Structures are given as C-alpha cells and as structure tokens.
Amino acid sequence: MKRIALLFSFILTFASLNAQNGGKPIPPYRILNPDSVYVTPAQLKKSGPVMIIYFSPDCTHCQHFTDEITDQLKAEKKQHKNLLHKTQIVMITWSSLQAIQVFYKDYELDKYPNITVGTEGYTYLVQKYYQVKTTPYIAVYTKAGKLVQAFEKVPKLSDVVAAIKKA
C-alpha cells in the first residue's frame with residue numbers, strides 16, 4: 001500500500017511540474033523559407049504569442065484555415081485591432097520548397113510579416129515532436145514559449161483566437 005501511495009505522489013508531483021512548465025516548449029525547428037533561407041526559433045521575437053501550424057500545402061483544411069487567418073488579419077487591420085498581427089505564425093510542412101513557394105505566392109503571405117512559412121524537408125522533426133496525425137496541427141504558445149493549447153484536429157478560428165488571448 002505504501003508503494004502505491006508513493007507512486008501516486010510521484011505522479012501528482014510530475015503532473016503539477018508539467019502543468020507549471022506549460023507542457024511542450026516550442027520545437028527546435030530548422031525550416032527553409034520560400035527565399036531559401038533557414039529559419040529557427042532563435043529568430044522569434046519575444047514580444048508576442050507564437051502559433052505553430054503544421055500543414056500541407058495541398059490539404060484543403062489547411063488551405064481553408066489559411067484563408068480564415070488572412071481574412072481575420074485583413075479584418076483586424078480595418079478595425080485597428082492587433083491580436084493576430086502581434087502573433088508570430090510559423091507554418092511548417094514536410095513538402096518541397098517549390099510547393100511552399102507556390103503556396104506562399106497563392107495566399108499572398110508576403111503581405112503578412114508576422115507569418116513565416118517553411119519546410120522541414122524529410123527530417124520530420126516537428127512532425128515527430130508533436131506526433132502529428134492530421135493537418136493542420138496547431139499549437140499556441142506564450143511569448144515566453146510556454147504551450148497554451150494544441151489543436152490536433154481542425155479548430156474553429158474563434159477557438160484559436162481564444163487560446164491566443166490566454167497567451
């Protein structure tokens with residue numbers, strides 16, 4: 001009985017430490033952006049929340065979610081709001097450089113300096129890190145790099161915005 005109580009106390013201690021830590025930190029990605037420049041978490045600004053989106057350029061859910069984000073960014077600009085504009089959005093895929101260049105151009109993501117798009121190639125480091133099964137996979141972090149919430153399935157943009165507000 002003592003062993004069970006001791007094991008239970010270890011589990012509770014570990015769980016509380018993990019909760020205080022905010023879960024998984026931002027993954028140590030190294031992605032190649034559409035300009036053929038490598039980008040890492042070291043380039044993230046410490047001034048606002050971070051949203052990591054693991055996506056596929058040919059995924060219809062990912063395309064729709066990208067449309068929603070850009071529409072929201074346009075609406076925020078008209079309303080003089082800055083929630084998504086202050087959020088650093090990092091879109092990571094395993095797809096080829098050519099595929100992300102087309103995606104980047106088609107969605108005119110160059111208009112949004114807070115959006116970074118890149119490929120991790122066939123390293124699958126980020127995909128394994130999050131154990132991604134479907135795309136888009138979305139993780140929202142505080143400016144300090146603590147996980148606020150992860151979405152394993154396509155979320156409503158309003159749910160993602162609520163997570164960003166918590167960050």
Side-chain angles (χ1 to χ4, degrees), residues 13-35 37-57 59 61-77 79 81-95 100 103-104 107 109-121 123-167:
T13 302
F14 178 75
S16 69
L17 287 173
N18 196 29
Q20 290 172 359
N21 189 21
K24 287 187 170 205
I26 293 174
Y29 61 82
R30 183 174 185 256
I31 57 174
L32 189 62
N33 74 10
D35 295 329
V37 175
Y38 281 101
V39 180
T40 67
Q43 281 108 350
L44 291 172
K45 298 172 188 156
K46 305 290 186 210
S47 60
V50 177
M51 179 176 16
I52 305 285
I53 302 173
Y54 200 83
F55 79 108
S56 175
C59 160
H61 294 296
C62 302
Q63 294 167 354
H64 179 70
F65 193 73
T66 303
D67 278 333
E68 285 185 281
I69 289 173
T70 55
D71 288 347
Q72 182 68 27
L73 285 164
K74 290 173 192 169
E76 278 187 5
K77 190 172 185 176
Q79 298 167 359
K81 294 183 179 179
N82 287 320
L83 182 66
L84 275 182
H85 283 280
K86 289 183 178 179
T87 303
Q88 297 173 88
I89 301 169
V90 182
M91 300 180 73
I92 302 172
T93 186
W94 68 91
S95 297
I100 65 163
F103 184 86
Y104 191 76
Y107 288 90
L109 298 178
D110 60 324
K111 292 181 179 179
Y112 309 99
N114 64 315
I115 298 179
T116 301
V117 179
T119 180
E120 68 173 346
T123 65
Y124 301 112
L125 181 111
V126 177
Q127 186 181 35
K128 290 174 189 173
Y129 184 86
Y130 288 122
Q131 299 177 355
V132 175
K133 293 173 183 62
T134 61
T135 56
Y137 178 96
I138 300 156
V140 177
Y141 291 88
T142 66
K143 64 183 178 183
K146 293 186 179 183
L147 182 64
V148 173
Q149 189 170 355
F151 301 89
E152 293 184 18
K153 296 186 182 209
V154 185
K156 294 178 184 175
L157 185 58
S158 59
D159 293 339
V160 175
V161 168
I164 292 169
K165 286 179 182 178
K166 291 178 191 174

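Everything quoted here is computed from the prediction, not taken from an experiment. Numbering starts at 1 and runs along the sequence shown. Computed over heavy atoms, backbone and side chain alike; hydrogens, waters and symmetry mates excluded.
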Strictly distance-based, threshold 3.5 Å: is any side-chain N or O of T142 a donor or acceptor partner for the main-chain N or O of A144? yes
Please report, to 0.1 Å, the donor-acceptor pairs under 3.5 Å made by any side chain of residues 25-33, with sequence neighbours excluded.
from : atom 1 : to  : atom 2 : distance (Å)
N33  : OD1    : D35 : N      : 2.9
N33  : OD1    : S36 : N      : 3.2
N33  : OD1    : V37 : N      : 3.0

Please list, chain by chain and in numerical order, all residues satisfying ring pair (Phe, Tyr, Trp, His ring centres under 6.0 Å) with F55, sequence neighbours excluded. F103
In residues 156-166, what donor-acceptor pairs under 3.5 Å come from side-chain atoms, sequence neighbours left out?
none

Non-hydrogen atoms of P34 and I100 that approach each other most closely: N-CD1, 4.0 Å
To the nearest 0.5 Å, atom OH of Y54 lies from atom CD of E120 at 3.5 Å
To check you understand the geometry: which heavy-atom pair defines the closest contact between N114 and L84, and what is its length? ND2-O, 2.8 Å
Heavy-atom side-chain proximity of I138 to P155 below 4.5 angstrom: yes
Mind checking the CG-NZ spacing from L44 to K46? Nearest 0.5 Å is all I need. 6.5 Å
Minimum heavy-atom distance between E76 and L83, given as atom pair plus value: OE1-N, 3.4 Å
What distance separates F151 CZ from I53 CD1, expressed to the nearest 0.5 Å? 11.0 Å
Under the salt bridge (Lys or Arg N to Asp or Glu O under 4.0 Å) rule, collect the residues that match up with K111, sequence neighbours excluded. E108
Is a donor on one side and an acceptor on the other found under 3.5 Å between the side chain of T93 and the backbone of T119? no
Scan for side-chain hydrogen bond (donor to acceptor under 3.5 Å, both in side chains) pairs involving residues 125-136, sequence neighbours excluded, and state none if there are none. Y130-Y141
Look only at the side chain of Q63 and the backbone of P57, and say whether a donor-acceptor pair between them is shorter than 3.5 Å. yes
Table please: side-chain donor-acceptor pairs of residues 66-74 below 3.5 Å, with sequence neighbours left out.
from : atom 1 : to  : atom 2 : distance (Å)
T66  : OG1    : C62 : O      : 2.8
T70  : OG1    : T66 : O      : 3.1
T70  : OG1    : D67 : O      : 3.0

Counting only heavy atoms not in Q43, do more than 12 fall under 6.0 Å of its CD? yes
Is there a donor-acceptor pair closer than 3.5 Å between any side-chain N or O of Q88 and the backbone N or O of K45? yes
I need the K81 NZ to K86 NZ distance, nearest 0.5 Å. 13.0 Å
NZ-CG distance between K24 and L147, expressed to the nearest 0.5 angstrom: 9.0 Å
